[in-house]
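By convention here, the first residue in the shown sequence is residue 1. Counting starts at 1 for both ligands and their atoms, in listed order.
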Amino acid sequence: MNENLADLISQKLPQPVFRLIQGAGRAAAVSSQDLYLVGGVVRDLLLGRPSSDIDMMIEGNALQLAATMSSKSDKKPILHKRFGTATFKIGDYRIDLATCRSESYTYPGALPTVKSGNIKQDLFRRDFTINALAVCLKPGRFGRLIDYYGGRQDIENKLVRILHAKSFQDDATRIMRAVRYEQRLGFKLEPVTLKTLGRDLNMLDTISGDRLRHEIILWLGEAQPEKILKRAGQLGILSSLNTSLAWDPLWKKTFPTARKLSKGTQLTQLYFALLIYSLDKKQCDTLLKRLGVDGGEFSEIAADTLKLKYNPEGLDKSGLKPSEIYARLSRYSKAAIQVHALCSSSLHVRRNLKLFLDKLATEKTYLNGKDLMQMGMPEGRKVGLILARLLAARIDGEVRTRADEMRLARKLING
Ligand code: ATP
């Protein structure tokens, strides 16, 4: 079947992006090189899903093509000379240009040995058939679908299929990618792929912490990560990553609720806090070590989440002054507080944390340190203490206006 996607490409991609792609195909042809759209964008075009990350591969020299294109248009690429690749940005779209290559792996989990190659070899190094489709951009054949490995039929049948039996051994991150695509697209793992995945679960041990962490962040960046986690639990992927990690039925509720509370990177952090909430300190440390987390935001969120779990700062009672709640929580990361507001078994803890998140966390004083110094306060530690006292008064409703706050500040400075 000679399927042609030219109309689909021109309808689905913004015109400036379409023109760049078309121009790139023409420029490549002038130097007798063939250029292709590959990977996710082809899959998503066929599925009618939006895709703003566009990969183009050339059988030739990507940097040379980028230079030719840049000399003929006002669209200037960012060159990554070390990798021999180039990136064009048009609005929200990112168009990457690279050279076709073939890869071989010396041992499981190793970085591949890379040589330049043709489109067939380039597609063969990919993870799944649905990601191993290409579209020819050569004038005269523009839009023709290139399908060496049956990806078109697998899209039709909604199947995630590896290209060869050693795929997961070559790169076990594909195990994590497999469930991500399966759940995102509502596909199924093709039966042999499913069996191979089960056989090769221990290959996850060959993957570095950085790469595992990256894949977990990609899981958490999906629209409904709980579906992926459930499937990963069923398939034994979670326990292969860490013996204490398992699907928690509570996630079915807490993940969607988390989505209503947060967005973007904050949401990923909150999901991460949910992921480790049920672990104890030792289990959590083992997981963080496996994921190469050493310092940084995830360390902090994990530490705060467990600290609050084992010592809820006396928040499991009613009648606390708002300023007391603020003082006990202001040092904690937001994700750790949010996860306890969702998951704590104590109604009082949940209420107090919710009050903090909904109201107290954003309270501010009218006055700042400079104002206090203008009022005669010498520079020093006491400035911070007075500001904290002013904030507490504001949180508890003891002062309401700027004038109220100035009166209290004067009293505190002189007192
Ligand atoms: P997404 O929509 O998740 O971004 P994508 O298909 O664009 O999907 P990327 O992670 O951006 O995914 O990778 C681009 C392409 O590179 C994929 O389509 C796939 O062909 C290939 N690829 C990425 N990671 C691997 C891997 N670990 N093994 C083999 N091929 C891979």
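For the pair Q224 (side chain) and K227 (backbone), a donor-acceptor distance under 3.5 Å is absent. Formation of a donor-acceptor pair under 3.5 Å by the N157 side chain with backbone atoms of L159 is not found in this model. The backbone N or O of L133 lies less than 3.5 Å from no partner atom in the side chain of Y148, so there is not a single donor-acceptor pair. No donor-acceptor pair closer than 3.5 Å links the side chain of W251 to the backbone N or O of L275.
Ranking protein heavy atoms by distance to atom 28 (N) of ligand 1, first place goes to R174 NE, 2.8 Å. In terms of protein heavy-atom proximity, atom 6 (O) of ligand 1 is closest to R43 NH1, 3.0 Å. Nearest protein neighbour of atom 21 (C) of ligand 1, counting heavy atoms only, is R126 NH1, 3.7 Å.
Inspection of the R144 and N4 side chains reveals no N or O donor paired with an N or O acceptor under 3.5 Å. At a cut-off of 3.5 Å, with distance as the only test, no side-chain donor of D92 or S52 sits close to an acceptor on the other residue.
Ligand 1 places these atoms under 4.0 Å from at least one heavy atom of N131: 6 (O), 18 (O), 19 (C), 20 (O). Listed by atom number, the atoms of ligand 1 under 4.0 Å from R180 heavy atoms are 3 (O). Distances below 4.0 Å separate heavy atoms of R184 from the following atoms of ligand 1: 1 (P), 2 (O), 3 (O). Less than 4.0 angstrom separates some heavy atom of G40 from each of these atoms of ligand 1: 6 (O), 7 (O), 18 (O). Heavy-atom proximity to R125, at under 4.0 Å, picks out these atoms of ligand 1: 29 (C), 30 (N). Close contacts between ligand 1 and G39 involve ligand atoms 18 (O) [criterion: under 4.0 Å to a heavy atom].
Contacts between E215 and ligand 1, counted as non-hydrogen atom pairs separated by less than 4.0 Å, are absent for every part of the residue. With a 4.0 Å heavy-atom cut-off, ligand 1 is reached by the side chain of T173 but not by its N, CA, C or O. Counting heavy atoms closer than 4.0 Å to ligand 1, residue R177 contributes side-chain atoms (C-beta onward) but none from N, CA, C or O.
Between Y277 and H340, the ring-plane angle classifies as perpendicular under the 30° and 60° cut-offs.
The presence of a protein heavy atom under 4.0 Å from atom 2 (O) of ligand 1 is confirmed. For atom 11 (O) of ligand 1, the nearest protein heavy atom is 4.0 Å or more away.
Here the side chains of K138 and Y36 are not in contact, with every heavy-atom distance at 4.5 Å or above.
At least one heavy atom of Y181 sits less than 4.0 Å from an atom of ligand 1. By the 4.0 Å heavy-atom criterion, D55 is counted among the residues contacting ligand 1.
Around atom NZ of K321, no more than 12 heavy atoms belonging to other residues, nucleotides or ligands sit under 6.0 Å away.
For atom 30 (N) of ligand 1, the candidate residues are L163, V42, D127; the nearest heavy-atom contact is made by D127.
Considering every non-hydrogen atom in both A223 and R259, the closest pair reads O-NH1, 3.3 Å. Residues L65 and A24 approach most closely at CD1-O, 3.8 Å, considering heavy atoms.
By the 3.5 Å distance cut-off applied to N or O atoms, D171 is counted among the residues near ligand 1.
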